[in-house]
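What follows is one structure encoded as structure tokens, with my remarks underneath.
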Amino acid sequence: MLSRAKAAWAWFGAFRRTRPFWGGVWMVAGGWTVLKFSLSSLQLIVSTGFGGIAGYLVGGGMILCGLIPMALPGQRYTFGLIGVVLAVVSLVVSNLGGFLAGMTLGVLGGSMMVGWGAKRPRRRTVEG
């Protein structure tokens with residue numbers, strides 16, 4: 001059981017090093033925050049039209065922009081920039097961007113994704 005846990009932790013460490021993991025985590029957290037503060041009854045959302053559904057679209061888009069670069073790290077620039085734009089748009093369409101918390105987390109996550117670079121493999125030293 002312990003060896004299986006060590007192998008899982010080693011896999012997760014390798015996954016984290018080869019993906020813009022923390023940028024995606026912050027972007028998903030920002031999208032969830034925007035989505036959470038946009039929640040209201042379905043009747044209210046339908047009656048307000050696009051203004052009511054815009055918070056759902058922006059929050060869901062931010063969550064997708066955080067998850068896609070974890071699966072496709074080569075697309076980190078595109079989805080990082082789209083995520084930052086959605087985070088800034090959330091300031092207008094969704095209760096001040098989740099009361100500024102969701103917008104801040106989204107901008108932070110998007111900028112981390114754009115600035116991420118893959119770590120180089122570790123060199124093995126030859127003893128002897």
* Treat each ILVMFWY residue as a node, draw an edge where side-chain heavy atoms are under 4.5 Å apart, and state whether F79 and V107 are in one component. => no
* Look up atom CE in M103 and atom CG in L108, then write down how far apart they are to the nearest 0.5 Å. => 11.5 Å
* Structure fact -> In terms of heavy-atom contacts, A29 and T33 come closest through O-OG1, 2.7 Å
* Give the minimum heavy-atom separation between M113 and P20, together with the two atoms involved. => CG-CB, 4.0 Å
* Provide the closest heavy-atom pair for M62 versus G30 in the form atom of the first, atom of the second, distance. => CE-C, 3.6 Å
* Spacing of S94 atom OG and I53 atom CD1 [to the nearest 0.5 Å] -> 12.5 Å
* How many angstroms lie between CZ in R16 and OG1 in T18, if you round to the nearest 0.5 Å? -> 10.5 Å
* Structure fact -> Between the CE atom in M27 and the CE atom in M112, the distance rounded to the nearest 0.5 Å is 10.5 Å
* Asked: Checking side-chain contact (heavy atoms from CB on, under 4.5 Å) against V58, which of L35, V88, V93 comes through?
  -> V93
* Asked: Would W26 and F15 show up in the same hydrophobic cluster when neighbours are defined by side-chain heavy atoms closer than 4.5 Å?
  -> yes
* Asked: Are S90 and V34 side-chain neighbours, meaning at least one heavy-atom pair lies under 4.5 Å?
  -> yes
* Can you hop from Y77 to L67 via hydrophobic side chains spaced under 4.5 Å? -> no
* Common cluster, F12/V25, ILVMFWY with side-chain heavy-atom separation under 4.5 Å -> yes
* Decide whether V114 and F21 are clustered together by the hydrophobic rule: side chain heavy atoms of Ile, Leu, Val, Met, Phe, Trp, Tyr closer than 4.5 Å, transitively. => no
* With no hydrogens and no angle check, is any side-chain donor or acceptor of W32 less than 3.5 Å from a backbone partner on I63? -> no
* Asked: Do V28 and L105 come close enough that some side-chain heavy atom pair is under 4.5 Å?
  -> no
